[in-house]
Amino acid sequence: MMNPLNNLDYCYNYIKHMTRYLKYIDLILSPIAGFIAIYLFTKYSGIGVSPDSIMYTSAARNLNAHGSLITFNNTPITDFPVFYPVFLGLELFITGIDPIKAGPVLNAILFAAILFLSRRAINRFVPCSIVYRWLMLTAIVLSPALLEVYTFLWSETLFILVILFFILAARQYFAKHTLTTLLVFAFVAALSSITRYAGITVIGTGGLLLLMDRSLILKKKIQHILIYSVAASSFLALNLLRNIMVTSRLTGPREASFTPFMKNVYYFGTVMCDWVGLTEKAYPYATLFTILLFIGLIAILIYNYFKKHVGSYENLLLTFTIVYGAFIIISSTFSRYERINSRLLSPFFISLLLSCTYWSIGFIKSLSIKWRYAALPVLTALMLGFCYQELLTDMARYDSESEFGIPGYTDDSWNKSDFANYLKKDHGLFKPGVPIYSDANEALYFLSDTKVKLLPHRYFKNTIQNFYRVKHYYLVWFNQMDNPEIISLKDIVKVEQLKLLKQFTATGDEGTIDGAIYEYEGN
């Protein structure tokens, strides 16, 4: 007869063995959940396509076909760094599938990858908590900010992944302080800066961390800072040199900002209000929210400098959060681009989330047993409420886009538009050799693979004068574009007499894109 004690020992060892593996289940489930989330949002109409997406895709296609990073308008890509178009070009070369068609799977893989790396970073927090890890991964999977980015063909999808690799590489360097880990650390920082120009924040984060590090003697520290500075900035320097050589501009045409600093602080705060689930009623407090957020984060950074190892995962994420957030506000004050929004701030969502919550693990474990059992349910309920709010936002978006498509050139307003469908066909309307202008040249390229010039920008007076010197051209006008940055149809007809060739009027709730095609042959 078997000894009952042996059975108990067997059961205990079996349970202990299984528990050892169960704690890694989130390592598998969170990437799968992320992959499925992107699939669900893109299954109706495919990946979201914006003007930026078409710039990336056209450069990737030309790189694959002709070996040059030329966009659809026959100009070298300079508004954006080169790495993301090269990344899409490699995908096209390896798979033979156009980036727009491959977009849903490609982005699902990238989203799964950032969840995998996030889990790795969270698991290295000191102290660590399984409950905290599950809550954070759930918040990342459900994040409306990240789901928006990863359902579009945007460079942020790759940029966020590079940021997480940077955090891992930085941790390795500060743990070993070897030349090899330093070069890897600098290489990833360099890669970030040619993925998005905002990658300069990653380089800056690395430099700040090196200055804060007190582990090295002064001579070696100076050597490492010099090596890092040269290596980390090398790719960006080459990219900018290439831009100057092909267009005489560092980062393409840029304008001075007309948004003051405090207004950008306010816009930053409104995004934070949206992220935590507050309504527009909280917007009057957005500026105060931003100021308090930065004061709190900087205070924690100072505390970490004296009490915690500079190279800890928590401090690495916190430092990047402060540098990136400050960069967006300051750069928006001097350089004109889209208003601060969720997309611009999405690259630091994960680091911000973790920077604002990691302290809770140590706080809970520092309490007595009695208070621990009281505080843990409260903090857990708050985080579950945050995740639930994210889920409600995602469901509302999914209800709309599952029947209409992701807003952009692949949604039903374009798919079912008579105007768009007409442009997709070759009617022989445009005579060879005659230039074509449009208020949305990327749209015409996307629909018909036609190379079109964008109407002149209001800011550049010389290009407007050159446009009015053209004696024969076609104009494809989309009524819905409403781009105040370029000259309008009303501006043109005040100067030149256009002949109407085709006109399309939208009817019904679907296929709402309308417009007209004009010809100018001189007055």
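- Note on ring orientation: taking the six-membered ring where Trp is involved, the planes of Phe349 and Trp275 are perpendicular (angle over 60°, cut-offs 30° and 60°).
- Between Ile167 and Tyr313 the shortest side-chain heavy-atom distance falls below 4.5 Å.
- Annotation: cation-pi pair Arg397/Phe41 present, NZ/CZ under 6.0 Å from the ring centroid and within 45° of its normal.
- By the 30° and 60° cut-offs, the orientation of the rings of Tyr56 relative to Tyr84 is perpendicular.
- When only modelled atom types and interatomic distance are considered, Tyr132 and Thr357 share a side-chain donor-acceptor pair under 3.5 Å.
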- Item | Check against side chain to side chain contact (heavy atoms under 4.5 Å, CB included), Phe159 and Ile163 | CA-CA 6 Å; Phe159 185 50; Ile163 290 170; 3.7 Å; yes
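- In this model, a donor atom of one side chain and an acceptor atom of the other lie less than 3.5 Å apart for Arg196 and Ser155.
- A donor-acceptor pair shorter than 3.5 Å cannot be found between the side chains of Glu156 and Tyr150.
- Looking only at atom types and distance, the side chain of Thr71 has a donor-acceptor partner in the side chain of Thr75 under 3.5 Å away.
- Closest heavy-atom contact between Cys387 and Thr138: SG-CG2, 4.0 Å.
- Asn107 has its side chain out of reach of Thr151: every pair of non-hydrogen atoms, C-beta onward, lies at least 4.5 Å apart.
- Counting non-hydrogen atoms of other residues, nucleotides and ligands closer than 6.0 Å to CD1 of Ile200 gives a total of 12 or fewer.
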- Checking side chain to side chain contact (heavy atoms under 4.5 Å, CB included) for the pair Thr78/Arg242: CA distance, chi angles, key distance, verdict? CA-CA 9 Å; Thr78 56; Arg242 172 254 179 196; 4.0 Å; yes
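- The environment of Phe165 atom CZ is sparse: at most 12 non-hydrogen atoms of other residues, nucleotides or ligands sit within 6.0 angstrom.
- With hydrogens and angles left out, the side-chain atoms of Ser332 and Asn264 include no donor and acceptor closer than 3.5 Å.
- Residues Met262 and Thr287 come closest through the heavy atom pair CE-CG2, 3.5 Å.
- Between the side chains of Thr178 and Thr181, at least one donor N or O sits under 3.5 Å from an acceptor N or O.
- Taking the six-membered ring wherever Trp is involved, the centroid distance between the rings of Phe294 and Phe268 falls below 6.0 Å.
- Side chains of Ser53 and Ser50: a donor on one and an acceptor on the other come within 3.5 Å.
- Listed here is the closest heavy atom pair of Val188 and Ala169: CG2-CB, 4.2 Å.
- For the residue pair His177 / Asp213, a side-chain donor-acceptor distance below 3.5 Å is found, with atom types taken as modelled.
- In Tyr285, the OH atom is not crowded: 12 or fewer heavy atoms of neighbouring residues, nucleotides or ligands sit closer than 6.0 Å.
- Side chains of Arg133 and Asn123: a donor on one and an acceptor on the other come within 3.5 Å.
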- Task: Tell me, with the steps shown, if Ser143 and Glu390 meet side chain to side chain contact (heavy atoms under 4.5 Å, CB included).
- Result: CA-CA 6 Å; Ser143 166; Glu390 288 185 317; 3.8 Å; yes
- Given side chain to side chain contact (heavy atoms under 4.5 Å, CB included), test Ser342 with Glu148 step by step and report yes or no. CA-CA 9 Å; Ser342 182; Glu148 178 193 16; 4.0 Å; yes
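- Donor-acceptor pairing under 3.5 Å is recorded for the side chains of Asp274 and Tyr283.
- Arg343 is listed as a side-chain neighbour of Trp154, based on a closest heavy-atom distance under 4.5 Å.
- Both the sub-6.0 Å distance and the 45° axial angle are not jointly satisfied by Arg61 relative to the ring of Phe72.
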